[in-house]
Participant: 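Sharing a structure, written as structure tokens. Questions coming.
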Amino acid sequence: MKPMQPVRGTADLMPRQKSQMNIILQKASTVASRYGFQDMETPIFEFSEVFSRPLGESSDVVAKETYSFQDRGGSSLTLRPEGTASVMRALISNGLTQSLPQKFYYGGPMFRYERPQKGRMRQFHQIGCEYIGSFNPLADAEVIGCATQFLSELGVFDTCILHLNSLGDAESRDDYRASLVAFLSNYKNELSIDSQRRLNENPLRILDSKADEDREIIKDAPRLPAFLTTQAKHHFEQLTNALDKAGINWQLDTNLVRGLDYYSHTAFEFITDALGSQGTVLGGGRYDGLSAMLGGPDMGAVGFAAGVERLALLIEKNEEFTYDIAVVIVDDEVASDGFALAQNLRLQGFKTDIPMVPQVGKKLKRASLIGCELSFIIGKNEIKSDTIQVKIMTTGEQKQIGISQVISFATKFFKRELESNFSE
RNA sequence: GCGGGUGUAGCUCAGUUGGUUAGAGCGCCAGUUUGUGGUAUUGGAUGUCGCCGGUUCAAAUCCGGUCACUCGCCCCA
């Protein structure tokens with residue numbers, strides 16, 4: 001009973017879903033490579049500190065959403081809840097800090113113990129790009145440009161809006177946080193329960209609270225842009241100038257805050273309203289502090305990650321699997337001849353099936369069901385005369401051709417070189 | 001983790017104030033067609049009514065629990 005259903009928050013990728021996923025992954029990797037992001041992959045689990053240090057022990061992701069366990073050697077390991085920390089760790093582990101910048105593309109499963117909802121799974125998939133080793137705002141622009149092109153080529157860009165914000169450098173952020181906490185403390189009892197908690201844990205988060213009472217208070221709260229240092233402002237301006245010049249539309253969203261601790265300066269999200277409360281389809285930002293948290297040198301980095309399942313919900317595309325050719329074996333005595341023919345066709349690159357149902361009629365029925373455009377019918381009579389029957393499934397036309405012409409016939413047919421199907 | 005909704009055939013869903021053999025469409029299988037599919041026509045099978053317990057003469061229907069899905073919150077991709 002129990003074993004017959006998948007673990008909560010996991011899902012099988014049946015051919016339809018898998019093909020949809022493949023479309024997304026292929027598009028992501030193709031677009032990323034145009035920007036120089038090279039495909040790489042890290043293990044799906046790491047020492048727990050890889051995530052707990054940079055994400056912050058108190059962050060929800062680490063505090064209650066990680067799948068952690070001890071291995072037989074007693075090490076505390078964690079299934080990765082996101083990709084950036086792993087990629088940064090890999091870069092440091094592999095000594096690449098000596099040859100910066102590095103640009104990586106990755107994709108794969110991530111794990112978070114959350115209450116599942118549409119577009120939110122316990123095992124889900126992300127693709128992402130990381131531009132590591134540059135403080136230049138143009139790197140931010142490159143990352144956002146890549147994300148934009150990816151979404152656009154997938155055909156989901158129109159349903160999303162690019163929200164952009166600057167969190168400023170550490171100095172700006174600390175100043176602002178202090179001022180915000182001071183302001184909100186005056187209204188402590190009027191804030192929602194959640195936000196009263198957030199006041200201690202992650203006050204910036206209150207800015208995008210959905211509770212009405214919070215929104216009312218936030219209206220008059222100090223705004224982050226006013227606290228940006230001149231350097232931080234300059235960084236943001238250079239980025240937005242670049243985006244504007246390239247015709248990439250964006251929208252300032254001063255309430256946009258990244259959930260994870262290591263972000264600074266640029267934060268952005270592509271948000272759709274088509275997915276309810278899981279509207280963030282792709283998100284990212286600058287994380288200059290991450291390397292140092294993991295014991296690496298001080299260096300700048302920007303990146304994004306996109307949720308594959310969420311993207312899949314936005315696209316209809318998928319490729320139905322179809323065969324090209326069916327080999328219909330009429331008599332059991334010629335089964336080996338049928339197999340040899342099918343095998344030959346496959347060697348030539350044709351997707352070929354041998355329908356394994358009784359009776360010729362059902363074999364042909366099967367052939368049309370699985371999308372064959374051609375059926376090659378082979379029986380005792382055909383073998384005797386070194387011929388086969390060719391049936392064109394779309395028109396129903398049928399004729400006899402020599403067995404030696406089968407490959408050339410199929411080749412011509414699928415190249416659509418024949419004027420009328422039977423003229424040669 | 002908190003709150004709301006849903007759970008009937010492979011799929012989409014009906015099922016009256018509790019009432020006796022639980023239905024439709026699509027799909028599937030078979031016949032009309034023993035070496036010829038699609039269309040048509042005839043027939044057939046769909047099933048632990050999510051699971052466990054309770055109330056009742058009687059439960060798909062009411063109650064409790066549980067599991068799963070779903071929506072919102074939290075959080076995030």
Side-chain angles (χ1 to χ4, degrees), chain A residues 1-2 4-11 24 55 59-65 81-84 107-128 147 151 160 192-195 197-198 201-202 205-206 208-212 214 257-260 268-272 275-285 303-314 326 328-331 334 355 357-382 388-398:
Chain A
M1 313 90 229
K2 264 270 181 61
M4 296 309 285
Q5 60 187 198
V7 174
R8 180 172 212 200
T10 67
I24 294 167
L55 301 188
S59 76
D60 275 30
V61 168
V62 167
K64 52 182 200 188
E65 293 175 4
E82 56 103 38
T84 303
M110 307 291 165
F111 305 84
R112 291 182 200 176
Y113 189 88
E114 295 185 276
R115 179 110 175 221
Q117 251 174 270
K118 194 202 299 181
R120 193 175 74 185
M121 307 291 287
R122 288 183 174 180
Q123 176 179 343
F124 62 105
H125 297 78
Q126 283 187 340
I127 59 96
L151 294 179
C160 300
S192 67
I193 305 289
D194 281 325
S195 288
R197 174 179 55 79
R198 281 186 275 220
E201 292 178 6
N202 192 353
R205 200 81 232 179
I206 298 175
D208 65 356
S209 168
K210 284 160 194 159
D212 289 339
D214 292 343
V257 177
R258 304 265 64 223
L260 309 178
F268 62 92
E269 289 185 5
F270 288 81
I271 300 175
T272 175
L275 296 181
S277 58
Q278 271 67 246
T280 300
V281 133
L282 183 154
F304 74 79
V308 175
E309 283 79 3
R310 290 186 186 177
L311 290 169
L313 290 169
L314 294 180
V328 173
I329 298 169
V330 176
D331 305 299
V334 302
V357 289
Q359 299 174 29
V360 175
K362 289 185 192 156
K363 290 178 203 285
L364 282 163
K365 181 171 184 170
R366 178 89 198 142
S368 51
L369 206 65
I370 61 180
C372 297
E373 292 184 60
L374 289 182
S375 286
F376 291 155
I377 302 165
I378 179 168
K380 281 184 293 196
N381 302 338
E382 284 75 20
I388 62 158
Q389 300 288 333
V390 180
K391 188 178 184 81
I392 297 175
M393 302 306 279
T394 47
T395 63
E397 292 169 88
Q398 182 172 330

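All chains are named by letter (A, B, ...) in the order of the sequence lines, taking the proteins before the strands, and each is independently numbered beginning at 1.
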Participant: With a 3.5 Å limit on both atom pairs, tell me what G7(B) is paired to, counting Watson-Crick and G-U wobble, or say none.
Facilitator: C67(B)
Participant: Is K363(A) close enough to G35(B) that one of its side-chain N or O atoms is under 4.0 Å from OP1 or OP2 there?
Facilitator: no
Participant: Does any donor-acceptor pair link the side chain of E382(A) with the base of G35(B) at a separation under 3.5 Å?
Facilitator: yes
Participant: Rounded to the Å, how far apart are F268(A) CZ and C76(B) P?
Facilitator: 16 Å
Participant: If you assign I378(A) and S209(A) each to the RNA chain B nucleotide with the nearest heavy atom, which residue ends up on the more 5' nucleotide?
Facilitator: I378(A)
Participant: Suppose you measure atom P in G7(B) against the same atom in G43(B); what distance do you get, rounded to whole Å?
Facilitator: 33 Å
Participant: Just how far, in rounded Å, is C1' of C75(B) from CD of E82(A)?
Facilitator: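 It works out to 14 Å between those atoms.
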Participant: Between G37(B), A77(B), C75(B), which nucleotide gets closest to the side-chain atoms of L364(A)?
Facilitator: G37(B)
Participant: Could you measure between the two C1' atoms, the one in C49(B) and the one in G44(B), and give it in whole Å?
Facilitator: 22 Å
Participant: To the side chain of Q126(A), which of A77(B), C74(B), G31(B) is closest?
Facilitator: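 Minimum distance to the Q126(A) side chain belongs to A77(B).
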Participant: Once you round it to whole Å, what is the distance between P of U39(B) and CE of M393(A)?
Facilitator: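 It works out to 12 Å between those atoms.
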Participant: Ignoring the backbone of R205(A), work out which of C76(B), C74(B), A77(B) is nearest its side chain.
Facilitator: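 Looking only at side-chain atoms, R205(A) lies closest to C76(B).
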Participant: Under 4.0 Å between any heavy atoms, over every strand shown, what does G119(A) touch: base, sugar-phosphate, or nothing? Just pick one.
Facilitator: base
Participant: Can you confirm whether R8(A) sits close enough to P116(A) that some side-chain heavy atom of one is under 4.5 Å from a side-chain heavy atom of the other?
Facilitator: yes
Participant: Taking atom P in both C29(B) and U39(B), what distance in whole Å separates the two?
Facilitator: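 To the nearest whole Å, 13 Å.
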Participant: Going by purine N1 to pyrimidine N3 plus the second Watson-Crick contact, or the G-U wobble pair, all under 3.5 Å, which nucleotide sits opposite G72(B)?
Facilitator: C2(B)
Participant: Can you tell me how far P of G50(B) sits from CD of Q5(A), to the nearest Å?
Facilitator: 14 Å
Participant: Would you please confirm or rule out a distance under 4.0 Å between OP1 or OP2 of G37(B) and any side-chain N or O of R366(A)?
Facilitator: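 No.
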Participant: Would you say that L364(A) contacts V328(A) through its side chain, given a criterion of any heavy-atom pair below 4.5 Å between the two side chains?
Facilitator: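 Yes, close enough: below the 4.5 Å cut-off.
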Participant: Name the pairing partner of U33(B), where a pair is Watson-Crick or G-U wobble with both distances under 3.5 Å, or state none.
Facilitator: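 U33(B) is unpaired by these criteria.
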Participant: Do F124(A) and V308(A) make a side-chain contact, defined as non-hydrogen atoms from C-beta onward lying under 4.5 Å apart?
Facilitator: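 No; the side chains remain at least 4.5 Å from each other.
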Participant: Can you check whether S192(A)'s main-chain N or O pairs, donor with acceptor, with D214(A)'s side chain at less than 3.5 Å?
Facilitator: yes
Participant: Phosphate oxygens OP1/OP2 of U36(B): is one of them under 4.0 Å from a side-chain N or O of Q398(A)?
Facilitator: no
Participant: Look at the side chain of K391(A) and decide which nucleotide, out of U36(B), G35(B), C75(B), has an atom nearest to it.
Facilitator: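 Among the listed nucleotides, the one closest to the side chain of K391(A) is U36(B).
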Participant: In whole angstroms, how far is the C1' atom of C76(B) from the CD1 atom of I271(A)?
Facilitator: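 Atom-to-atom, I271(A) to C76(B), this comes out as 11 Å.
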Participant: Using the P atom in both, what is the distance from C75(B) to A68(B), to the nearest Å?
Facilitator: 24 Å
Participant: Nearest to the S368(A) side chain among G35(B), A68(B), G37(B), which nucleotide is it?
Facilitator: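 Selected nucleotide: G37(B).
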Participant: Would you mind telling me which residue lines up with the more 5' stretch of RNA chain B, V7(A) or V281(A), judged by nearest nucleotide?
Facilitator: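 It is V7(A), whose closest nucleotide lies nearer the 5' terminus.
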Participant: Given the structure, check if the side chain of R310(A) and the base of C76(B) hold any donor-acceptor pair shorter than 3.5 Å.
Facilitator: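 Result: at least one qualifying N/O pair found.
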Participant: Mark yes when over 12 heavy atoms from residues, nucleotides or ligands other than R366(A) sit less than 6.0 Å from its CZ; otherwise mark no.
Facilitator: no
Participant: Going by purine N1 to pyrimidine N3 plus the second Watson-Crick contact, or the G-U wobble pair, all under 3.5 Å, which nucleotide sits opposite G38(B)?
Facilitator: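 Its partner is none (no Watson-Crick or G-U wobble pair with both distances under 3.5 Å).
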Participant: State whether the distance check finds a donor on one side and an acceptor on the other, under 3.5 Å, for side chain R115(A) versus base G72(B).
Facilitator: no
Participant: Write down the distance between CE (M121(A)) and P (U70(B)), rounded to a whole number of angstrom.
Facilitator: 7 Å
Participant: Strictly below 4.0 Å: does K362(A) bring a side-chain N or O up to OP1 or OP2 of A30(B)?
Facilitator: yes
Participant: On a whole-Å scale, what distance lies between the C1' atoms belonging to G53(B) and C71(B)?
Facilitator: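 29 Å, rounded to whole Å.
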Participant: Roughly how far apart, to the nearest Å, are U70(B) and U12(B) at atom P?
Facilitator: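 Here U70(B) and U12(B) have their P atoms 13 Å from each other.
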Participant: Is there a donor and acceptor pair closer than 3.5 Å between the side chain of K118(A) and the base of U70(B)?
Facilitator: no
Participant: Paired with G18(B) by Watson-Crick or G-U wobble geometry, both distances under 3.5 Å: which nucleotide is it?
Facilitator: none
Participant: Roughly how far apart, to the nearest Å, are G27(B) and G18(B) at atom C1'?
Facilitator: 33 Å
Participant: Hey, does M393(A) have a side-chain heavy atom less than 4.5 Å from the side chain of L374(A)?
Facilitator: no
Participant: Does a side chain donor of either T280(A) or E269(A) reach within less than 3.5 Å of an acceptor in the other side chain?
Facilitator: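 Side-chain D/A pair, T280(A) to E269(A): present.
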Participant: I'd like to know if Q389(A) reaches the base of U36(B) with its side chain such that a donor and an acceptor end up less than 3.5 angstrom apart.
Facilitator: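 By the distance-only test, no, there is no pair.
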Participant: Counting just side-chain N and O atoms, does K365(A) come under 4.0 Å of either OP1 or OP2 of U36(B)?
Facilitator: no
Participant: For atom C1', what is the distance between G47(B) and G23(B), given to the nearest Å?
Facilitator: 12 Å
Participant: Return the nearest nucleotide to the side chain of V360(A); candidates are C74(B), U36(B), G1(B).
Facilitator: U36(B)
Participant: So what does G396(A) hit on the nucleic acid, given a heavy-atom distance under 4.0 Å: a base, only sugar-phosphate, or nothing?
Facilitator: base
Participant: Looking at Y113(A), I'd like to know if the NZ or CZ of R122(A) sits under 6.0 Å from its six-membered ring centre while staying within 45 degrees of the ring's axis.
Facilitator: yes
Participant: In whole Å, what is the span from the CG atom of L369(A) to the C1' atom of C29(B)?
Facilitator: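 It works out to 13 Å between those atoms.
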Participant: Whole Å only: how far is the CD atom of E114(A) from the P atom of G1(B)?
Facilitator: 12 Å
Participant: If only side-chain N and O atoms of R198(A) are considered, is one of them under 4.0 Å from the OP1 or OP2 phosphate oxygen of C74(B)?
Facilitator: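 The answer is yes; a side-chain N or O of R198(A) sits under 4.0 Å from OP1 or OP2.
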